[in-house]
Peer 1: 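The structure under discussion is supplied below as structure tokens; questions concerning it will follow.
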Amino acid sequence: MTAKRRGAQLGMLAFAVLIVMGAYASVGLGINGKIPSGMLGYGLGLGGLMLAAYLVLAKWAPWADPLLLPLVTLVNGIGLVMIYRIEQSGQAGASATTQLMWTALGVVMFSATLIVLKDHRALQRLTYTAGFVGVVLMAIPALLPGSLSEVQGAKIWIRIGGFSIQPGEFAKLALVVFFAGYLVAKRDVLALAGRRLLFIDLPRARDLGPVLITWAFAIATLVLEKDLGTSLLLFGAFIAMLYIATQRTSWVLIGILLFVGGAFLAGQIFSHVEARFNVWLHAEDPALYDAGGGSYQLMQGMFAMGSGGILGTGLGQGYPRLIPLSFSDFIFTATGEELGLTGLMAILIVYALIVERGLRTSLTARDPFTKLLAGGLSFILAWQIFIIVGGVTRLIPLTGLVTPFMSAGGSALLANWMLIALLVRMSDAARRPPPQAIQDEGLTQVMQR
Amino acid sequence: MNSTLKRVSVACLLMFGLLMANVTYIGAVKADGLRTDSRNVRGFYARYAIDRGWITADNGKTTLAKTVDTGDKTFRFEREYPLGKPFTHVVGWFAPESASGIEAAMNRYLDGSHPDLVVRRAIDLVSGKPAKGASVDLTLNSKAQEIAYKDLAGTGKRGAVVALEPKTGKILAMVSVPSYDPNPLAKVDKAAVNKAYNKLNKDDNKPLLNRAINLTFAPGSTFKTVTSAAYLSDDTSRDENTQVDAPDSLPLPGTNISLPNYHGESCGGRATLLQALTISCNTPFAIMGMDVGYDKLKEQAEKFGVGQPLKIPMEVSPSDIGPDEGKAALAKTAIGQQSNQMTPLQMAMVAAGIANQGTVMKPYLVNKIMGPDGAEIEGTDPEELDEAVTPEVAGELTKMMIGVIEHGTGGAARLPDITVAGKTGTAETLPGKPSHAWFISFAPVDNPKVAVAVFVESGSAGNDATGGAVAAPIAHDVMQAVLGR
């Protein structure tokens, strides 16, 4: 029988807040030898928020995984500290106050999700609603005029007044819910084998429909919104969930072939995809480095991490403002300069643990929908981290995505806190002991021969 | 579904594994290449993130280089040289991509990266303060340095002055003319610095060179002190009153040319060593050189420091009396001509060695290194370089050099109530070209406090420029400044 481990959770939460406070103080000491004046308010703010999140969790999801909240608190806090540090370096656009406000709203969303959604299986009934919402959210920026939706070449925003939302981040959640509900219903059909080619069982041709539709949707995202990252993210998550549901490797291969083919064709037609590829392969080439839209930003990130080396320069002692948008897509590299390889490894391990807790929830869940939803949400989180961190570290071509919980940006914080709330809700269900029988029926049913 | 979920979990693990491997590759393997990439401006910025130690003179009382906290986020600490030109060749400058002089030679102390400072640095690291370097106090006597520069620059000619403390080897003054203001080279604007540097680099007068240590010149008659030292040391029965041949003209063996005395003057056929040096006859010293031979002359020169590798802490170009090219060449080498090439510092070491009873001290510029709190971290202990001559020979040479000041060519260096010893030099360069003017001296004779070499370069000096007329007055002022008169 699983224990609630609430004491351990509270202890770890306090520890996470303490680490973040230490980092915050270290930024101030690194910059001008003084502990930042707002330290107390900041610490109380973050500590209070997390205590509130903990109390909500303790009341509405007492059996939840005890690690998720402290781990997320830690990366969110480190992200806040880095944004504060980048703001101090004078790079325009970074605002720790705004990010703290969004973190607070994220915790509100987390709590609201836990309070409202008593049983996540209710979502299964909303499968097609979620699909519709996801598609609409994705489509809005593409349909809006550029002046209301385009920022730095990516048409992925809704900008109203001084306010901007990245609907793709919420669409991500809605679509994973849709995929889970849809695949649970259709998985038996999709798992039916057609012809066998070499060692692979190909699906039947008439079952290709949903895959082709999702693929067309992903390519449309790429073409209409110039957003390779989100396109790759959603399609990859769909294929992974399709594989989990049907146990057919052929779906994975078909998915990869379709996407690579589609991206290749798009690359032939739209220069920005091919440019991304070139930048990835030849980032150090001086001509590309100097070219507009070339490898300058990518190389600045690499220089930052290289200068950080193994131990880093220490918080407040690097040059994050040399990396364009260091508070957004490139926050991982800015962190690498000041916290070094050591710090980056720690952050990656924290991320990996969050994903691991999600996958564990999926494995222990009792019904297919929960399994698929938890697995899908965990995978999409890992996949997003892989795409953006791999992109800024030149492991794969760079496609702009948010670094979950670290990058500046409200939509992503809200959506990801909701994602964690869903995982918490499902882990609560998975870990909750089954109802105990009131009577010991075993004895009464023994038949005497 | 659990079997596929487990495979997806492995895929996730693999993704994180790849990210970690790649991050490790960047942070541990590629880091050095990325850090030193010329497009990575951090190395450049880092130069200005350190509260660089100051460079001082006169036991810390005079500031030669200081660090100014501008409060700027990128270029927080900038370098300034309040006394400018007279000190440029010693102090050097700290430019965006290079450095010179003490700034370069003592860089690891000044920026705090030297292993000796590691404990202090660790404290800074823990307390989060910006790194602070150690200060370097120089042996320079700022008054002597200023007057040497003023006098030499006042002649409108190129040259160098070096003053040493004979008993320790402390460099009290080191001036090279023409000089330049180091401040424009210490600005953070790379383009402007490069422009200023290129202008100096193209200047025909080569102001960037430190003539005191990085160029060698024919020493002329000042070298007769070395020849005399070799001759006196060769036979202990000889002294300053030993009679030597002093013909008006000396036919050089194996050639059909003769060596005359300066301006064709007569030295009377025979003369004592004292008389010969006092009026600087050429022929007797040429004969003495041939008499002791190339090997002994070279050995004597080496004992004064010639040809020995030397760092003060800047690297000093080695002096050289030239190769063995036969008797005729040796005769000229003995009077400081032919291929005989000395740095002004080397000639100051000759004077200082004679002053210090024959013992040459290793010259040095760094008096002590002080931590950011002003406490001394390291002091320099005087070191013997070599014993050039015995105290007896040194005494005899001193008497001969007093003669030069009292009765001979070096009258301009006389000081009231203080006995000065010295030697003038007027070195021919190329036929038809003006001569180099030299002067070496030390004072007071009974308790030497300062030894000086003054050099005024050919081509700028005019035909009548002799060591006695051009160089000796400068030595006079420098000695006076050191002795506090």
Side-chain angles (χ1 to χ4, degrees), chain A residues 26 28-31 33 89-90 187 240 243-247 284 286 289 299-300 302-310 312-314 316-319 321-322 336-337 340-342 344-345 348-349 351-352 355-356 359-360 362-363 368 371-372 375 378-379 382-383 385-386 389-390 393-395, chain B residues 1-51 69 71-76 121-132:
Chain A
S26 168
L29 289 171
I31 293 174
S89 82
R187 68 187 179 119
Y243 173 69
I244 295 172
T246 63
Q247 321 200 354
E284 297 189 29
Y289 179 80
M299 284 313 290
Q300 286 303 326
M302 295 292 284
F303 291 150
M305 284 187 288
S307 304
I310 291 172
T313 58
Q317 302 191 43
Y319 298 91
R321 66 179 174 75
L322 292 176
E337 178 178 9
L341 170 59
T342 321
L344 291 185
M345 290 298 256
L348 285 175
I349 287 169
Y351 275 138
V355 171
E356 189 265 340
L359 288 167
R360 178 169 296 261
S362 168
L363 279 167
K371 272 188 188 303
L372 212 46
S378 307
F379 178 82
W383 185 228
I385 292 161
F386 181 74
V389 173
T393 57
R394 265 189 93 196
L395 183 63
Chain B
M1 273 192 264
N2 274 6
S3 63
T4 41
L5 263 172
K6 277 176 189 159
R7 278 189 214 133
V8 168
S9 304
V10 171
C12 288
L13 189 69
L14 200 69
M15 288 194 293
F16 280 106
L18 279 172
L19 290 179
M20 288 180 185
N22 188 46
V23 167
T24 306
Y25 174 65
I26 295 169
V29 181
K30 283 193 82 180
D32 278 336
L34 290 166
R35 188 168 27 234
T36 53
D37 192 298
S38 61
R39 292 169 293 186
N40 185 352
V41 294
R42 284 175 184 76
F44 167 47
Y45 289 168
R47 291 169 81 84
Y48 301 95
I50 294 165
D51 192 353
D69 188 348
D72 186 278
K73 282 206 165 84
T74 312
F75 304 109
R76 180 160 168 198
R121 201 166 164 81
I123 294 169
D124 284 347
L125 202 68
V126 171
S127 63
K129 282 185 201 150
K132 205 165 160 57

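So you know, we letter chains A, B, ... as the sequences are listed, proteins then strands, and number each from 1. Here the structure is a predicted model, which is why all the values come from computation and not from measurement.
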Peer 1: Which atoms form the tightest heavy-atom contact between T4(B) and Q247(A), and what is the distance?
Peer 2: CG2-CA, 3.5 Å
Peer 1: Against chain B, work out which of M305(A), R394(A), E356(A), R321(A) has the most heavy-atom pairs shorter than 4.5 Å and name it.
Peer 2: R321(A)
Peer 1: Is chain B contacted by the side chain of I244(A), its backbone, both, or neither, given a heavy-atom distance below 4.5 Å?
Peer 2: both
Peer 1: Just give me the residue among P368(A), G316(A), G336(A), A352(A) that pairs up with chain B most often, heavy atom to heavy atom, under 4.5 Å.
Peer 2: A352(A)
Peer 1: Which one of G28(A), A304(A), G312(A), S378(A) has the most heavy-atom pairs closer than 4.5 Å to chain B?
Peer 2: A304(A)
Peer 1: For residues 11-23 of chain B, please give each side-chain donor-acceptor pair under 3.5 Å, one per line with the distance, not counting sequence neighbours.
Peer 2:
unit_1 : atom_1 : unit_2  : atom_2 : d
N22(B) : ND2    : T393(A) : O      : 2.8
N22(B) : ND2    : T393(A) : OG1    : 3.0

Peer 1: Could you tell me which portion of S89(A) (side chain, backbone, both or neither) has an atom closer than 4.5 angstrom to a non-hydrogen atom of chain B?
Peer 2: backbone
Peer 1: I need the minimum non-hydrogen distance between A240(A) and V8(B), along with the two atoms involved.
Peer 2: O-CG2, 4.5 Å
Peer 1: Checking heavy atoms, do the side chain of R360(A), its backbone, both or neither come under 4.5 Å from chain B?
Peer 2: neither
Peer 1: Does the ring of Y243(A) carry R7(B) above it, NZ/CZ under 6.0 angstrom from centre and within 45° of its axis?
Peer 2: no
Peer 1: If you compare all heavy atoms of R35(B) against all heavy atoms of G306(A), which two are closest, and at what distance to 0.1 Å?
Peer 2: NH1-O, 3.6 Å
Peer 1: Name the member of L344(A), L372(A), L359(A) that forms the most heavy-atom pairs with chain B at distances under 4.5 Å.
Peer 2: L359(A)
Peer 1: For V41(B), which atoms come within 4.5 Å of any heavy atom of chain A: side chain, backbone, both, or neither?
Peer 2: side chain
Peer 1: For residues K6(B) and L363(A), report the shortest heavy-atom separation together with the two atoms involved.
Peer 2: CG-CD2, 4.0 Å
Peer 1: At their closest point, which heavy atom of L5(B) faces which heavy atom of S362(A), and how far apart are they?
Peer 2: CD1-OG, 2.9 Å
Peer 1: T36(B) versus chain A, heavy atoms under 4.5 Å apart: side chain, backbone, both or neither?
Peer 2: neither
Peer 1: Counting only heavy atoms closer than 4.5 Å, note whether V389(A) contacts chain B via side chain, backbone, both or neither.
Peer 2: both
Peer 1: Could you tell me whether a side-chain N or O of R39(B) sits under 3.5 Å from a main-chain N or O of E284(A), the two making a donor and an acceptor?
Peer 2: yes
